[in-house]
Student: 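Have a look at the structure that comes next, please.
Just so we're on the same page: letters track the sequence lines, and every chain starts at 1.
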2 protein chains.
Amino acid sequence: MSPKDSPAPTTPVTTRVTIRTVAQDSGVSVAAVSKVLRNAYGVSDALRARVTTSIERLGYRPNVAARGLRGQSFTLGILLTELTNPFLAQVVDGVAEVVDPSGYKAMMAVGRTDVSLEIRLIESMVDARMDGVLLIAPLLGSKVIERFARQIPTVVIGHHEPTATLFDTVNGDDRRGGRLAVEAFVQHGHRDIAMLSLTQPLGEGRNVSDLREEGYLAAMRDAGLSDRARILRVIPPNQDSGIGGIAAILAAPDRPRALFCWSDLHGVQVRNLAHRMGIAVPDELAILGYDNTSVAALPLVDLSSIDQDGRGQGIAAARALLGRIEGRRDPTHLLLPPHLVARGSA
Amino acid sequence: MSPKDSPAPTTPVTTRVTIRTVAQDSGVSVAAVSKVLRNAYGVSDALRARVTTSIERLGYRPNVAARGLRGQSFTLGILLTELTNPFLAQVVDGVAEVVDPSGYKAMMAVGRTDVSLEIRLIESMVDARMDGVLLIAPLLGSKVIERFARQIPTVVIGHHEPTATLFDTVNGDDRRGGRLAVEAFVQHGHRDIAMLSLTQPLGEGRNVSDLREEGYLAAMRDAGLSDRARILRVIPPNQDSGIGGIAAILAAPDRPRALFCWSDLHGVQVRNLAHRMGIAVPDELAILGYDNTSVAALPLVDLSSIDQDGRGQGIAAARALLGRIEGRRDPTHLLLPPHLVARGSA
DNA sequence: CCGGGGATGTGTATCGTTCTACGTATATCG
DNA sequence: CGATATACGTAGAACGATACACATCCCCGG
């Protein structure tokens, strides 16, 4: 049963086809083949043609490990926090669209909302000599990100850090998103507009929710509603739904007439509870979510939402990463405009 | 701007710490360190201790590329078809649970329901010298899977192939699932029970839907309802929702009283349409989905569903893969029992 | 006819591990 | 006590690419 008894006489140990095989087959040096592979400078069309036909004939495929030892691995690492958030799917889709035809390969890992796991995963991406990493809404603090950015080209989504110089960021314009929400409500004649937010800001740099709150407050001020602005901080930052806090708000005598929710996940919760508690939506309570996920779009749910163009963010981030890998050093910090998708809940 | 002008006098090019550095620091040979790393045979406790402290002090991390060149890469490749299907999230979660503490790393890639992309991704996993691959509900045919299985330890989920010898499979017991659905309906007094299925079976080996249909038919027979069995094949295999076909069924005069749906995604569609068309659920139409996704659990949706234990499948598959990597050659084909989760729609 | 320089190839050291083969103590046994 | 295992280490050749330094070749102006 040992893997190495009887050298399989029928299968002549079909000696693996390496760069050397190709070189021999096409009658050129190993170095020349390598050049063709990397389409480096200094190869004639004739030689390139000869080599490529050899490659095809032999079915040669470069060994990534050997490659990574000296050169690039042509692999990008994508760090996700969790798979269940449908917003991520949009982002990843956008990323794939760019990465796919680029010759690079994207490999994803899931941090499972655990900071130490996130760190280990990024470390293993560095170990694997990946050419760059894309962090999507990581829990990590800026300090740690910076440390990694020193070692490997890095782009971050969902993490505002407009002054960072070592890595790029791509974000939805969350301040604008907060404004949009209020403006939409005001336009429908609402005045009693509250915002449902997180119990605590998400650590240094992860100020996505802060900015939405800022936008909300600014727009309330502009509408002359400063004194009626209310930010209800009841959503715990972990996986927990915080459903108790939401229920309390809906049951309270001063329940708001319009509620802007931190994310679709919670917008849906609110709608659920309203349904159960017999609160008419949108007549007694107007609801607005964030992310425009597929769940919000279900007719049964029918939740209005702010779309922050996850797919666009993915595309932009992937482009930024490839740019950085190809040598760009000066940071770029992109902000994509969100827009409102009106449905029945508001 | 070239990456290599001015060798950064402040940063003394902090020479990377390799296995050689560790060897020097601990005063042993490179080979000895390697042995410790792989905890191979022939190391005394004293030596091991000396080396490990050196490793910690220096913060040494083995280079995966160099490792993969001769030995293992300790990385597993996970192929997903698409991120949007929430069932996948369950599976991946299960996989992570096993892989995480095992010393291996999981890297995922998304096939985007494109066969040729799937193939390219698996190839690149082979190129990366990953130690094994786990294919989750791939579109690939058995022939192709077999070809890969010859090169790399392979486990497949969502692809019944009980006689395959080169790779392992893990599946929900889809036949049983089909039975369960019918039995649940019958128990509630239903007799007019139809099944909503795919327009075409999903290629050789991908007989998940076939088996559910078989289970459905068998249970109908057992209940003495053979003549009333109807399989409505209206769902196209691609991303398309097939909503037109579903609408036609609901509008038809012979609309069934109970509908067993191929997946939650379509169960939700049905419930949506029923809602829009003013069909009372479950009184006029009882609905049952498959997969027990989080969407089905939303009170607004409230869809009964067959749970096929995605998380359990992930766990089992990951274990099988690790087993195969560690040398097991004889195939295992696992079938996990599904169970009914009753909600308001049935 | 010479020499300079760009374009095209080649030779080979190198990357950081693993792994085979072998040496040297130390323990075991008749 | 000598022979023989056995445990522990070491040396150095792979592994399969990249990339640096150099060798040619060819063309052309002076």
Student: Could you tell me whether Lys105(B) and Asp100(B) make a salt bridge, using a distance below 4.0 angstrom between a side-chain N and a carboxylate O?
Tutor: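 No, no charged N to carboxylate O under 4.0 Å.
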Student: Check this one for me: any side-chain N or O of Arg67(A) less than 4.0 Å away from OP1 or OP2 of dG16(D)?
Tutor: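 Indeed not, no polar side-chain atom of Arg67(A) lies that close.
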Student: For the backbone of Gly158(B) and the side chain of Asn171(B), can you confirm whether one donor and one acceptor N or O come within less than 3.5 Å of each other?
Tutor: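 Side chain of Asn171(B) to backbone of Gly158(B), a donor-acceptor pair under 3.5 Å: yes, one is there.
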Student: Does a side-chain N or O from Ser44(B) land closer than 4.0 Å to OP1 or OP2 of dA7(D), or not?
Tutor: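 No, Ser44(B) has no side-chain N/O under 4.0 Å of OP1/OP2 on dA7(D).
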Student: For Gly27(B) and for Leu69(B), locate the closest nucleotide of DNA chain D by heavy-atom distance; then report the residue assigned to the nucleotide nearer the 5' terminus.
Tutor: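 That would be Gly27(B).
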Student: Please state how far atom CZ in Arg129(B) lies from atom P in dT17(C), giving the value in whole angstrom units.
Tutor: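 After rounding, the gap between these two atoms is 18 Å.
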Student: For Ala65(B) and for Lys35(B), find the nucleotide of DNA chain C with the closest heavy atom, then tell me which residue's nucleotide is more 5'.
Tutor: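 Looking at DNA chain C, the more 5' nearest nucleotide goes with Ala65(B).
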Student: According to a strict under-4.0 Å criterion, is Arg61(A) in side-chain N/O contact with OP1 or OP2 of dG16(D)?
Tutor: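 Answer is no, no contact under 4.0 Å.
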Student: By nearest nucleotide on DNA chain D, pick out whichever of Gly71(A) and Arg48(B) is the more 5' one.
Tutor: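 Its nearest nucleotide being more 5', the pick is Arg48(B).
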Student: Check for a donor-acceptor pair, side chain of Arg50(A) on one end and backbone N or O of Ser26(A) on the other, with a separation under 3.5 Å.
Tutor: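 The answer is yes, because a donor-acceptor pair under 3.5 Å joins these two groups.
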Student: Please list, for nucleotides 11-14 of chain C, all pairs of protein and nucleotide N/O atoms separated by less than 3.5 Å.
Tutor:
from, atom 1, to, atom 2, distance (Å)
dT14(C), O2, Arg70(A), NH1, 3.0

Student: Quick one: is dT17(C) close enough that its OP1 or OP2 comes under 4.0 Å of any side-chain N or O from Tyr60(B)?
Tutor: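 Checking Tyr60(B) against dT17(C): at least one side-chain N or O falls below 4.0 Å of OP1 or OP2.
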Student: dC19(C) P sits how many Å from Ile19(B) CD1, rounded?
Tutor: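 Atom CD1 in Ile19(B) sits about 11 Å away from atom P in dC19(C).
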Student: Compare the minimum distances between each of dT17(C), dA17(D), dC15(D) and the side chain of Arg20(A), then state the nucleotide with the smallest one.
Tutor: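 Among the listed nucleotides, the one closest to the side chain of Arg20(A) is dA17(D).
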Student: Strictly below 4.0 Å: does Thr18(B) bring a side-chain N or O up to OP1 or OP2 of dC15(C)?
Tutor: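 No.
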Student: Give the rounded distance in Å between these two atoms: CG of Leu37(A) and P of dG16(D).
Tutor: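 Atom CG in Leu37(A) sits about 15 Å away from atom P in dG16(D).
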Student: For dC8(D), does OP1 or OP2 lie under 4.0 Å from any side-chain N or O of Tyr41(B)?
Tutor: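 Tyr41(B) to dC8(D) OP1/OP2: no side-chain N or O under 4.0 Å.
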Student: If you measure only the distance, is there a donor-acceptor pair under 3.5 Å linking the side chains of Arg38(A) and Ser34(A)?
Tutor: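 Yes, because at least one side-chain N or O of Arg38(A) sits under 3.5 Å from a partner of the opposite role on Ser34(A).
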Student: Base, sugar-phosphate or nothing for Val28(A)? Non-hydrogen atoms, less than 4.0 Å.
Tutor: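 Counting heavy atoms under 4.0 Å across all strands, the contact made by Val28(A) is with sugar-phosphate only.
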Student: NA contact type, Val43(B), heavy-atom cut-off 4.0 Å: base, sugar-phosphate, or nothing?
Tutor: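 Since only primed, P, OP1 and OP2 atoms lie under 4.0 Å of Val43(B), the category is sugar-phosphate.
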Student: Check every strand shown and say whether Ser34(B) touches a base, only sugar-phosphate, or nothing at a heavy-atom separation below 4.0 Å.
Tutor: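 The residue Ser34(B) makes base contact.
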Student: Minimum heavy-atom separation for Ile157(A) and Ala317(A), please, with both atom names.
Tutor: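 Smallest interatomic distance, heavy atoms only, reads CD1-CB, 3.5 Å.
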Student: If only side-chain N and O atoms count, and only distance matters, is there a donor-acceptor pair under 3.5 Å linking Glu82(A) with Thr113(A)?
Tutor: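 No, no side-chain donor-acceptor contact under 3.5 Å.
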Student: Is Glu97(A) paired with Arg311(A) through a side-chain N to carboxylate O contact shorter than 4.0 Å?
Tutor: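 A salt bridge is present here (some side-chain N lies under 4.0 Å from a carboxylate O).
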Student: Nearest whole angstrom, please: distance from the C1' of dG9(D) to the CZ of Arg38(B).
Tutor: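 These atoms are roughly 13 Å apart.
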Student: Asn39(A) has an atom CG; how far is it from atom C1' of dT8(C), in whole Å?
Tutor: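 After rounding, the reported distance stands at 16 Å.
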Student: Taking atom C1' of dG16(C) as reference, at what distance in whole Å does atom CG of Asn63(A) sit?
Tutor: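 From Asn63(A) CG to dG16(C) C1': 14 Å.
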Student: Looking at Ala164(B) and Pro331(B), what are the two nearest heavy atoms and their distance?
Tutor: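 Closest approach of Ala164(B) to Pro331(B), heavy atoms only: O-CB, 3.5 Å.
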